[in-house]
Amino acid sequence: MVLHPDSSTSADTGQASGRFDVEAMREQFPILTVRPYGKPLAYLDSAATSQKPQAVIDAMSPFFSRDNANVHRGVHYLSERATEAYEGARVKAQGFLNASEVEEIVFTSGTTGAINLVAETYGAAHLGEGDEVLITEMEHHSNIVPWQMLCERTGAQLRVAPISDTGELLVDELKALIGERTKLVAITHVSNVLGTVNPIREVTEIAHAAGARVLVDGAQAAPHLPIDVQALGCDFYALSGHKMYGPTGIGVLYGRRELLEEMPPYQGGGDMILSVSFEKTVYNNAPYKFEAGTPNLVGVVGLGVAIDFLTGLDREALAAHEHDLLAYGTEALLLVPGLRLVGTAPAKQSILSFVLDGVHPHDIGTILDREGVAIRTGHHCAQPLLSRLGLSATARASLACYSTRAEIDALVAGLETVQEAFG
Amino acid sequence: MSNDLGDLYQQVIIDHGRHPQNFHRLGDATRTVEGVNPLCGDLLTVYVKLLDDRIDDIAFEGAGCAISMASASLMTTALKGKRCEEALALFGFVHAMLTETPSDELPSAELGKLAVLSGVSAFPMRVKCATLAWHALRSALEGKNELVSSE
């Protein structure tokens, strides 16, 4: 790899023994030393965006000083280096998702960009009057609104599979909603509000048996779970770089090769064509026909290093660490008087949403902020889910590889301050 | 709690947030406007009954944080009986108090109890909470029956 011969830095975190050294991990994230209002930072908002390891930070600036040129175009030295870096990251993304072919990896601006791409190409080509798109009650707005827009244009119907009060997908009800009119099932892998991990494999089998395709929103899963699109059996998988320790403005769409090949192109422009005349344009093949214009080169480079970072970790040790924190946080929060956890599905990942009697989440967030504790408050871009739960907002603490028990303790202590203020 | 947090969450605000005044539907309202804060999804409805260019009655409904509820509650108590142009002038004073650096130029006499909201200016992320009801009010007085946003 041209850019980062030393891509093994992420192995230096002491997880090889199976024990997770969170302090060594934290040293890789320089932002964690920031002291808001003179207090230690407890960054519990990684589900909104993760912080970036030094390796990712260090990869982006040198690209501009050593490798920058446009890709796929030049015959010169720098263009070749830039193209090699860009296509090298595509191979890393292929490995990260265990896609069978590198042509199945499309770079997008993020999960939102990826879902819109599928809605506007696959959706526009395959959905018509009376067809159906099935989503679930726990989707993020980015896995709702593109389908609503598609339905408005095509006359298709949006159907919604329900969840239980604890935040579990009701698979039998989803199954009952899938019929011969269902062309696509769009479902999140991990809920950004509830933390629920959905049974994607099972959903995929049900959908495929009925002839429907499956798109998985992997934005919240990618930083936590090993992803294997072949084992999941899904047709599309979307993720965002910035949620998985990479930069903003870059994401990946995985699509089965045969689907990508027959899909119409997305945006028109340079790089997505084989030949252009004023009479006729011949489109490039997948994935290039979906990547019009000069891409986010440095974003792709940063994403590649973020993938190296994640794949370099002992994933079992990471999972054990994150599971331990979730269990510790759950127990600690349940001891706070008047606190109710929102989302208590048995299969759950790294999210602690809650409401507190008599205090609006925004007020909680402001008071915690002054204690150095960063959480997200509001509807988390999932207003239909919040309505389903009879809420307008929650407070949400979310965990990452660098999160600690001490940060959860700071959250709980901050909640005591909240209750004193509102006592 | 830190000093500016204490300024933000003064007891008056917590009390109004918990037990808002004029918190009901107004059956004979002549103007009704909904205000939404897209940041948090909070939604409140402001009802105004105008009589000869005067606010004969005013009330609100909705759900929100302590700041938005207290601001709406204080607004209704301050504006009952005021002429429209007085209410719009007060909108300007409150808006300035919330969004500008503190100054002596604001008419403390006219702001009255509303001055307890001045601590919000130290919390830029929360200004929209405090202005939500006021934007809905202005829209109502200007005769627009529409959804307004505090963006």
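Note on naming: letters A, B, ... go to the chains in the order of the sequence lines (proteins, then strands), and numbering restarts at 1 for each one. No hydrogens, no waters, no symmetry mates; every other heavy atom, side chains included, goes into these values.
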Within-4.5 Å side-chain heavy-atom neighbours: [X] and [Y]:
X: L5(B); Y: T366(A); result: yes
X: D363(A); Y: R126(B); result: yes
X: D369(A); Y: F123(B); result: no

Partners meeting side chain to side chain donor-acceptor pair (under 3.5 Å) with T196(A) (sequence neighbours left out):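 Applying side chain to side chain donor-acceptor pair (under 3.5 Å) to T196(A) gives none.
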**Report entry** side chain to side chain donor-acceptor pair (under 3.5 Å) against R26(A), all qualifying residues, sequence neighbours excluded
**Finding:**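 Listed in chain order: E407(A).
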* For atom CG of L88(B), is the number of surrounding heavy atoms from other residues, nucleotides or ligands below 6.0 Å larger than 12? ->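 Result for CG/L88(B): enclosed.
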| query | Is it true that atom CD of Q383(A) has more than 12 heavy atoms of other residues, nucleotides or ligands lying nearer than 6.0 Å? | reply |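 Counting neighbours around CD of Q383(A), more than 12 heavy atoms of other residues, nucleotides or ligands fall under 6.0 Å, so yes.
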Exercise for the section: Identify the residues of residues 47-68 of chain B whose heavy atoms come closer than 4.5 Å to a heavy atom of chain A, ordered by number, or report 'none'. Expected result: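 Those residues of residues 47-68 of chain B which have a heavy atom under 4.5 Å from chain A are G64(B), C65(B), A66(B), I67(B).
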(message) Test: side chain to side chain donor-acceptor pair (under 3.5 Å). Region: residues 336-345 of chain A. Which pairs qualify, not counting sequence neighbours?
(response)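 Not a single pair qualifies under side chain to side chain donor-acceptor pair (under 3.5 Å).
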task = Say whether, by atom type as modelled, one donor and one acceptor occur between the side chain of R370(A) and the main chain of D4(B) under 3.5 angstrom.
result =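 Here the side-chain-to-backbone pair does not exist.
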Pair H362(A)-D42(B), side-chain donor/acceptor within less than 3.5 Å: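 No donor-acceptor contact under 3.5 Å links the two side chains.
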